[in-house]
Amino acid sequence: MDFLKELEGKRVHDPFEANMETKPTAKCIWFPGPVIVGAGPSGLAVAACLKEKGIPSLILERANCIASLWQLKTYDRLRLHLPKQFCELILMPFPSDFPTYPTKQQFVGYLNAYAENFDLKPAFNTTVVSARYDNRYGLWFVKTLGLKNEETEYVCQWLIVATGENAEEVVPKFEGVSEFGGPIVHTGSYKSGELFRGKKVLVVGCGNSGMEVCLDLCNYNARPSLVVKDSVHILPQEILGISTFGLSMWLLKWFPMRFVDHLLLLVSRFMLGDTARFGIHRPERGPLELKSMTGKTPVLDIGTLAKIKTGHIKVCKAVKQLKHQAVEFIDGRVENFDAIIYATGYRSNVMSWLKETSMFSEKDGLPRKPFPNGWKGECGLYSVGFTQRGLLGASLDATRIAEDIEHSWKAKATHFMTFTTCAPPPPPPPQPATFN
């Protein structure tokens, strides 16, 4: 049976493809191993685990580099918020001379070394526009667009979604945005406070990014204000020189979560004071319980709270609307600002291209099954990096996925490799410059 001819016949009779009749036929490429969508840390980790088991994989990446969020959409002063031992990828530790909290540049350099070590060569500038499963063939059809809008359709037995929880910027919709007149940027475009020297800047969002951007703005003599819309836990990054996160993980081995939460809050109150005095109220649930139930991460303070206490950073209520060079808050107060920075985070974009709804929620684009069971769907569909537990969760997913695929690879690879009439995938473009 000629596989490509059969696929062409399918296209003619498939209503899904009816709108493609007036366009050039997309090039069809069969790939014998898993296709991975996304070349971030999670995609690299699962590709490395597969490589260790002798299973080839094809990584499709819409950007022109690996870890595009880290390389292209993070601010200059960024460091890992957790100690390096909690952020390394499976199969390869950080260099021993790295500091406890590696810089952005060091982490990107580590990822580039990781890709080189496992000979991972993603197909860059390749945007996945749709991925669907065909029950008649028992295969996935992954349609992509290149830089020149050239269409390619990859056909595979296994599809691994590695686009992550932070694929698209979350931008709030405020009334009066067009009237504001000053710069309004997301933290994905913010690099440093250099452009905001001497300016009054409103930072919307009080997560780790919002708090750190405020601190960075202070270092450049800007005058930041921080919008705190919801309650949030602020914890010291370290307790007596020990990582708060690491200490929490150790305590959880011996004590119930609520006891550990109670202990963390007592220590935080002693070290940081009552944050409610400054307009930052804590949630009713403890930080670990809240993280486990909702995925909401507590803020690890690296000095921002001290600036709030001294008045260098002002805390504001939620935004009601924007005016010309001014912002009106829900408490009725109106204040002038030169610029606004959205530290409102990111979200998954899976449901914009994955043509299935059983594994991922249409509401937030995350797996419907909670951790640790969200890594596997049906019909050879997997997800990695959607655990809301950082790189530790991604490494666990990657290990499980590689082990699961290995079982069917050994049994079925020989059969599928008989379809030799399909063209092999084109060589990927050159790797981007390495960060040292």
Side-chain angles (χ1 to χ4, degrees), residues 77-87 99-102 165 203-216 218 224-318 343-345 370-372 387-393 396:
R77 65 161 289 139
L78 179 63
R79 285 178 174 266
L80 296 181
H81 292 119
L82 303 182
K84 60 183 179 182
Q85 63 266 32
F86 298 108
C87 301
T100 302
Y101 302 96
E165 304 156 351
V203 178
V204 181
C206 59
N208 280 296
S209 294
M211 299 284 273
E212 190 163 354
V213 164
C214 280
L215 185 60
D216 190 58
C218 286
S225 294
L226 178 67
V227 171
V228 181
K229 178 182 178 182
D230 302 313
S231 57
V232 60
H233 282 297
I234 301 180
L235 306 177
Q237 187 178 43
E238 293 186 342
I239 298 174
L240 299 177
I242 302 173
S243 157
T244 301
F245 179 82
L247 179 61
S248 301
M249 295 300 101
W250 182 81
L251 289 172
L252 286 174
K253 295 179 181 179
W254 306 98
F255 302 103
M257 182 179 291
R258 290 194 176 182
F259 175 83
V260 179
D261 269 340
H262 184 66
L263 183 61
L264 288 175
L265 291 177
L266 282 176
V267 174
S268 297
R269 177 69 177 258
F270 175 76
M271 294 182 63
L272 304 177
D274 182 10
T275 59
R277 292 174 49 204
F278 311 104
I280 304 174
H281 298 274
R282 292 189 181 275
E284 292 184 5
R285 298 186 184 278
L288 299 180
E289 184 180 6
L290 191 67
K291 173 66 175 177
S292 176
M293 295 185 65
T294 68
K296 187 174 182 180
T297 303
V299 172
L300 297 176
D301 181 58
I302 58 172
T304 305
L305 196 58
K307 294 290 185 180
I308 292 175
K309 292 178 180 179
T310 59
H312 289 90
I313 300 172
K314 295 182 178 180
V315 174
C316 304
K317 299 288 187 179
T344 43
F371 178 84
T387 64
Q388 297 185 314
R389 284 163 173 77
L391 295 177
L392 280 178
L396 181 60

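Note that this is a predicted model, so its numbers are computed, not measured. Just the heavy atoms: all of them, side chains too, but no hydrogens, waters or symmetry mates, feed the values below.
Note: Asp301 CG to Gln237 CD = 8.5 Å, rounded to the nearest 0.5 Å. Here Glu289 contributes atom CD and Arg258 contributes atom CZ; the two are 4.5 Å apart, rounded to the nearest 0.5 Å. To the nearest 0.5 angstrom, Arg389 atom CZ is 10.0 Å from Leu396 atom CG. In this structure, Phe255 CZ and Asp261 CG are separated by 14.0 Å, a value rounded to the nearest 0.5 Å. In this structure, the separation between NE2 on His81 and OG on Ser209 is 6.5 Å, given to the nearest 0.5 Å. Ile239 CD1 to Leu263 CG: the interatomic distance, rounded to the nearest 0.5 Å, is 7.5 Å.
Under the side chain to side chain contact (heavy atoms under 4.5 Å, CB included) criterion, Pro372 pairs with Arg400, not counting sequence neighbours.
You'll find the side chain of Ser248 stays beyond 4.5 Å of the side chain of Met257, heavy atoms only. Two residues are said to be in side-chain contact when any heavy atoms from C-beta on lie closer than 4.5 Å; Gln85 and Leu82 fail this criterion.
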Could you please spell out the steps behind the side-chain contact (heavy atoms from CB on, under 4.5 Å) verdict for Tyr101 and Ile302?
CA-CA 12 Å; Tyr101 302 96; Ile302 58 172; over 6 Å; no

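Residue Leu240 places its CG atom among 12 or fewer non-hydrogen atoms of other residues, nucleotides or ligands, all under 6.0 Å distant. For NZ of Lys296, the number of neighbouring non-hydrogen atoms (other residues, nucleotides, ligands) closer than 6.0 Å is greater than 12. Within 6.0 Å of NZ in Lys309 there are more than 12 heavy atoms belonging to other residues, nucleotides or ligands.
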Distance-only donor-acceptor hits, side chain of residues 224-236, under 3.5 Å, sequence neighbours excluded:
{"residue": "His233", "atom": "ND1", "partner": "Arg282", "partner atom": "NH1", "Å": "3.3"}
{"residue": "His233", "atom": "NE2", "partner": "Arg285", "partner atom": "O", "Å": "2.6"}

Just distance, no hydrogens or angles: give the donor-acceptor pairs under 3.5 Å from side chains in residues 267-281, sequence neighbours left out.
{"residue": "Ser268", "atom": "OG", "partner": "Leu264", "partner atom": "O", "Å": "2.8"}
{"residue": "Asp274", "atom": "OD1", "partner": "Ala276", "partner atom": "N", "Å": "3.2"}
{"residue": "Thr275", "atom": "OG1", "partner": "Ile280", "partner atom": "O", "Å": "2.8"}

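Nearest heavy atom pair, residue Val204 against residue Thr344, reads O-CG2, 3.6 Å. Here the shortest heavy-atom pairing between Cys206 and Met211 reads O-CG, 3.8 Å. In this structure, Gly246 and Phe86 approach most closely via the heavy-atom pair CA-CZ, 3.6 Å. In plain terms, the two heavy atoms of Cys214 and Thr304 that are nearest each other are CB-CG2, 4.5 Å. In terms of heavy-atom proximity, Leu290 sits nearest to Pro283 at CD2-CG, 3.7 Å. Of all heavy-atom pairs between Pro99 and Arg79, the closest is CG-NH1, 4.0 Å.
No donor-acceptor distance shorter than 3.5 angstrom exists from the side chain of Thr294 to the backbone of Lys291, with no hydrogens or angles considered. When atom types are taken as modelled, the side chain of Glu165 and the backbone of Thr387 share a donor-acceptor pair closer than 3.5 angstrom.
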